[in-house]
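Treat the numbers as computed from the prediction; the structure is a model and nothing was measured.
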Amino acid sequence: MDTYLKNAVKSNWDFILELRNSDYQYFYEQNEPISKVEHYKYMEKQSKIANFYHWIISQNDIDVGYVRILDNDVGIMIKKEFQSKGIASKALLLLENEAKQIGIKKLIALVHPNNISSERIFKKNGYDLKMLRLEKSLN
């Protein structure tokens, strides 16, 4: 199967929103589905950051996921029906090649503690656990 990355553009933002809202339980700050307006504001803001790069993951000309780098932090989202098929690992390798071309020397994956499948993908692809991050909200 032919897996490749293509630059994400504004016309992909609805697709990215669909992915975000299907997997938000694994995100650091988003803990519920977000509106299109909120998502578009977020994407506009991200697009202005110098160290933000993002791509749509396609397989056989079907958009199956999204991958991004923000300040060395890697994020991957795969549509549910395409998960557990090795696409994330292929996309990660493609992303690493893009990162090298951009001049990025190190990538970091911040993985939600309950997201065992993402942890497995990164470990399988040579990422090492370097730190546990614990936090407490004081309200």
Side-chain angles (χ1 to χ4, degrees):
M1 299 227 185
D2 186 28
T3 303
Y4 58 94
L5 301 181
K6 59 186 182 183
N7 287 322
V9 294
K10 193 168 188 172
S11 61
N12 301 124
W13 289 6
D14 287 343
F15 175 70
I16 297 166
L17 174 61
E18 175 189 330
L19 291 170
R20 284 184 73 180
N21 281 341
S22 69
D23 275 335
Y24 65 86
Q25 70 273 19
Y26 297 123
F27 294 168
Y28 178 66
E29 297 206 10
Q30 181 184 338
N31 51 21
E32 61 185 23
I34 63 168
S35 71
K36 184 173 180 172
V37 170
E38 289 175 285
H39 173 66
Y40 273 57
K41 280 185 195 175
Y42 171 85
M43 294 301 291
E44 289 283 352
K45 181 180 171 188
Q46 297 306 306
S47 296
K48 293 175 183 165
I49 297 173
N51 295 325
F52 176 69
Y53 309 93
H54 61 152
W55 301 268
I56 298 298
I57 305 164
S58 290
Q59 187 171 67
N60 299 325
D61 297 324
I62 299 170
D63 294 343
V64 297
Y66 173 73
V67 63
R68 65 103 176 110
I69 301 171
L70 175 61
D71 294 328
N72 298 77
D73 175 38
V74 177
I76 300 175
M77 295 184 286
I78 305 291
K79 286 180 80 169
K80 294 224 184 290
E81 62 265 31
F82 294 98
Q83 292 177 3
S84 301
K85 298 181 186 308
I87 296 169
S89 287
K90 289 177 188 172
L92 187 55
L93 180 61
L94 293 168
L95 174 130
E96 290 170 359
N97 289 332
E98 293 285 342
K100 288 176 193 173
Q101 290 184 21
I102 295 165
I104 295 172
K105 303 284 186 216
K106 176 169 57 171
L107 293 172
I108 298 167
L110 300 174
V111 178
H112 190 282
N114 296 333
N115 196 343
I116 304 304
S117 61
S118 282
E119 180 182 353
R120 243 184 259 128
I121 290 163
F122 285 107
K123 285 183 174 177
K124 178 176 120 182
N125 287 283
Y127 288 68
D128 297 317
L129 180 63
K130 296 286 186 178
M131 177 186 312
L132 291 175
R133 175 182 168 152
L134 305 169
E135 62 182 60
K136 179 180 182 179
S137 294
L138 303 175
N139 298 329

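Under the rule for a ring pair (Phe, Tyr, Trp, His ring centres under 6.0 Å), Y4 has no partner lying at least two apart in sequence or in another chain. With sequence neighbours excluded, the residues forming a salt bridge (charged side-chain N to carboxylate O under 4.0 Å, His left out) with E18 are K79, listed by chain and number. A search for salt bridge (charged side-chain N to carboxylate O under 4.0 Å, His left out) contacts involving K10 returns E44, not counting sequence neighbours.
Residues V9 and I56 are not in side-chain contact: their nearest non-hydrogen atoms beyond the backbone lie 4.5 Å or more apart. The closest side-chain heavy-atom distance from I34 to Y40 is not below 4.5 Å. Put simply, the side chain of Y53 reaches to within 4.5 Å of the side chain of N51, judged on heavy atoms. Side-chain contact between L94 and V67 is absent, with no heavy-atom pair separated by less than 4.5 Å. The shortest distance between side-chain heavy atoms of S89 and K124 falls below 4.5 Å. You'll find the side chain of D73 reaches within 4.5 Å of the side chain of R68, heavy atoms only.
Looking only at distances, a side-chain donor or acceptor of N60 sits under 3.5 Å from a matching main-chain atom of D2.
Residue pairs meeting the ring pair (Phe, Tyr, Trp, His ring centres under 6.0 Å) criterion with at least one partner in residues 72-99, sequence neighbours excluded, are absent. Each salt bridge (charged side-chain N to carboxylate O under 4.0 Å, His left out) pair with one or both residues in residues 92-120, not counting sequence neighbours, appears once here: E119-K123.
In plain terms, the two heavy atoms of Y66 and A8 that are nearest each other are CE1-CB, 4.2 Å. Here the closest heavy-atom approach between residue S22 and residue K80 is recorded as O-NZ, 3.3 Å. N21 and P33 get closest at one heavy-atom pair: OD1-CA, 3.1 Å. Taking each heavy atom of F15 and G65 in turn, the nearest pair found is CE2-O, 3.5 Å.
Cluster membership for I16 and V37, using ILVMFWY side-chain heavy atoms within less than 4.5 angstrom, is not shared. Side-chain heavy atoms closer than 4.5 Å link hydrophobic residues (I, L, V, M, F, W, Y) into clusters, and following such links, possibly through other members, connects I87 to I62.
The CE atom of M43 lies 4.5 Å from the NE2 atom of H54; values are rounded to the nearest 0.5 Å. Atoms CD1 and CH2, from I69 and W55 in turn, are 4.0 Å apart once rounded to the nearest 0.5 Å. Expressed to the nearest 0.5 Å, how far OG1 of T3 lies from CG of L93 amounts to 10.5 Å. Here the CD1-CG distance, from I57 to L92, works out to 9.0 Å after rounding to the nearest 0.5 Å. Of the inter-residue distances, the one linking K85 atom NZ with I78 atom CD1 reads 11.5 Å to the nearest 0.5 angstrom. With rounding to the nearest 0.5 angstrom, the CD1 atom of I76 is 12.0 Å from the CG atom of L19.
The other residues sharing a hydrophobic cluster with L110 are I108, where clustering joins ILVMFWY side chains under 4.5 Å apart.
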> Between N12 and N7, does a side chain to side chain contact (heavy atoms under 4.5 Å, CB included) hold up when you go through it step by step?
Replying inline: CA-CA 9 Å; N12 301 124; N7 287 322; over 6 Å; no

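Within a 6.0 Å sphere centred on NZ of K41, other residues, nucleotides and ligands contribute 12 heavy atoms or fewer.
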